[in-house]
Amino acid sequence: MERLDVFNCSNVLIASYFADDKGCAHENSDHTLIYIVSGELEINENGKKTVLYAGNCAFMRRDNRMLLQKHVRNNIPYRSVVLKFTRSFLREFYNTLDKKNIPMDSKRTKESLVLLPNNRPDIRSLFESVMPYFDSDIKPSEDILKLKMTEGLFVLLNTDINLYASLFDFVDPWKIDILDYLNKNYMCDMSMEEIARFTGRSISTFKRDFAKISHLTPQKWIIQKRLSEAHKLIQRGNMKITDICYDVGFKNLSHFSKIYKEAYGYAPSVI
């Protein structure tokens, strides 16, 4: 049975087709707008389940991990169309806006998944206009791609003014809170440059802002956070030490045991 057919245009406009159920862990590196053409998409994030049906459209904020399960329904394949908004495109778009009309009181939502209203003509028109390209296997030109991405941005900005803060979080008033981001992603294997970029900062600005909230370096803060979370899990007593080590972000069990003992005075295995 046919399992997968992905039509990818410059990694910003993507159509997926599955003739069988398929699941995957997913982390968006770019803000994403997804539209379900047929079938169902089950999204699990931190224990919360959301199901998107045919005709549903949702915004996925970048740098969040989700478990996606595509479902075939009534022998109708799963099919979706995705728009990805790269940082370079968002910066270019932001520079074209009249700053006097930008709602600077916009508040960055904590939700990583935002469902858009159903039966919106602008949403339906946008995605129906790109389907012929996928059906014919003809890739649209870069100018058309840019036009569709722009339409997608206006769909979002016309939905909720708070999405200005999420989409343009590289702008100083909307910089992502560093501790909020690190508390959610301390276990991830990321460089300081990546963390700075994910929180909307240059590396120099990130280091300067981090110094305002902690006397530790970012690297030491992350190690302490991992140790603290490991300590809590060990005290619960219902997980293997090896699982705890890797779950909190350490890559080497012996190194984890060594620095855990230095921090708490005993090896993790004695609990």
Side-chain angles (χ1 to χ4, degrees), residues 6-16 24-36 41 43 45 57-66 68 80-99 102 106 108-109 111-114 116 122-123 125-127 129-131 133-134 138-178 181 184-185 188-206:
V6 175
F7 191 92
N8 190 331
C9 299
S10 301
N11 201 34
V12 296
L13 182 57
I14 302 169
S16 297
C24 66
H26 181 71
E27 180 171 358
N28 287 322
S29 58
D30 295 306
H31 294 309
T32 299
L33 187 63
I34 183 169
Y35 180 79
I36 308 303
L41 177 63
I43 304 171
E45 183 188 24
C57 186
F59 170 66
M60 298 178 178
R61 188 158 51 81
R62 69 181 173 211
D63 306 326
N64 286 279
R65 296 184 176 218
M66 303 175 181
L68 306 183
S80 65
V81 182
V82 166
L83 271 176
K84 289 179 172 286
F85 303 107
T86 64
R87 287 170 173 81
S88 59
F89 175 78
L90 289 171
R91 287 182 183 276
E92 181 181 345
F93 179 88
Y94 180 80
N95 289 333
T96 68
L97 295 176
D98 185 341
K99 304 305 184 286
I102 297 176
S106 170
R108 184 175 179 272
T109 177
E111 296 295 326
S112 54
L113 180 68
V114 178
L116 276 63
D122 54 342
I123 296 175
S125 174
L126 167 61
F127 288 101
S129 70
V130 302
M131 289 304 299
Y133 292 102
F134 301 123
I138 298 174
K139 291 193 174 184
S141 67
E142 290 300 318
D143 287 340
I144 291 177
L145 280 176
K146 190 173 181 179
L147 176 62
K148 297 307 173 185
M149 290 171 66
T150 301
E151 285 186 50
L153 279 184
F154 279 117
V155 162
L156 291 170
L157 298 178
N158 291 332
T159 298
D160 184 352
I161 64 168
N162 289 319
L163 289 175
Y164 276 86
S166 292
L167 289 164
F168 308 122
D169 53 18
F170 48 80
V171 181
D172 192 67
W174 298 327
K175 286 188 295 189
I176 297 173
D177 182 84
I178 291 175
Y181 181 81
K184 293 178 180 178
N185 297 278
C188 301
D189 185 17
M190 295 183 293
S191 67
M192 290 302 104
E193 288 77 10
E194 287 175 315
I195 296 174
R197 176 162 51 85
F198 290 158
T199 57
R201 294 163 171 84
S202 66
I203 187 65
S204 59
T205 301
F206 170 76

* Distance-only, no hydrogens or angles: does the S106 side chain make a donor-acceptor pair with backbone N or O of A165 under 3.5 Å? -> yes
* Asked: Would a 4.5 Å heavy-atom cut-off, applied to side chains only, mark R61 and H31 as touching?
  -> yes
* To do: Can you measure from CZ (R91) to OG1 (T86) and round to the nearest 0.5 angstrom?
  => 10.5 Å
* Structure fact -> Taken in chain and number order and not counting sequence neighbours, the residues that satisfy ring-ring contact (aromatic ring centres under 6.0 Å, His included) with F134 are F7
* To do: Identify the two heavy atoms, one from L126 and one from K148, that lie closest to each other, and give their separation to 0.1 Å.
  => CD1-O, 3.7 Å
* To do: List in chain and number order the residues that pass side chain to side chain contact (heavy atoms under 4.5 Å, CB included) with A196, two or more places apart in sequence or in another chain; answer none if no residue qualifies.
  => I203, F206
* How about M66 and S112: do any of their side-chain heavy atoms sit closer than 4.5 Å? -> yes
* **D160 and L116, any side-chain heavy atoms less than 4.5 Å apart** => no
* Taking every non-hydrogen atom, the tightest pair across L41 and L68 -> CD1-CB, 4.1 Å
* Flag the pair V81 / L13 as yes when at least one side-chain heavy-atom distance between them is below 4.5 Å, and no otherwise. => yes
* By salt bridge (charged side-chain N to carboxylate O under 4.0 Å, His left out), which residues pair with E193, not counting sequence neighbours? -> none
* Considering all heavy atoms, the nearest F85-G152 contact -> CZ-C, 3.9 Å
* Taking it one step at a time, do D30 and R87 satisfy side chain to side chain contact (heavy atoms under 4.5 Å, CB included)? -> CA-CA 7 Å; D30 295 306; R87 287 170 173 81; 3.8 Å; yes
* Are side-chain heavy atoms of Y35 and L83 found at a separation under 4.5 Å? -> no
* Structure fact -> Looking only at heavy atoms, the pair that brings V155 and T159 closest together is O-OG1, 2.6 Å
* So, for L33 and L156, which heavy atoms are closest and what is the spacing to 0.1 Å? -> CD1-CD2, 3.8 Å
Distance-only criterion, 3.5 Å: show the donor-acceptor pairs between side-chain atoms of residues 140-147 and protein atoms not counting sequence neighbours.
from	atom 1	to	atom 2	distance (Å)
S141	OG	I144	N	3.3
E142	OE2	S10	OG	2.9
K146	NZ	E92	OE2	2.6

* Structure fact -> Closest heavy-atom pair, L167 versus F59, reported as atoms and distance to 0.1 Å, is CD2-CE1, 3.9 Å
* **Test ring-ring contact (aromatic ring centres under 6.0 Å, His included) applied to F154 - qualifying residues, sequence neighbours left out** => F93
* Quick one: pull up SG in C188 and CD in E194 and give me the separation to the nearest 0.5 Å. => 10.0 Å
* To do: List in chain and number order the residues that pass side chain to side chain contact (heavy atoms under 4.5 Å, CB included) with K184, two or more places apart in sequence or in another chain; answer none if no residue qualifies.
  => D180
* Can you measure from CG (L153) to CG (N158) and round to the nearest 0.5 angstrom? => 10.5 Å
* Asked: Is the F168 ring parallel, tilted or perpendicular to the Y94 ring (thresholds 30°, 60°)?
  -> tilted
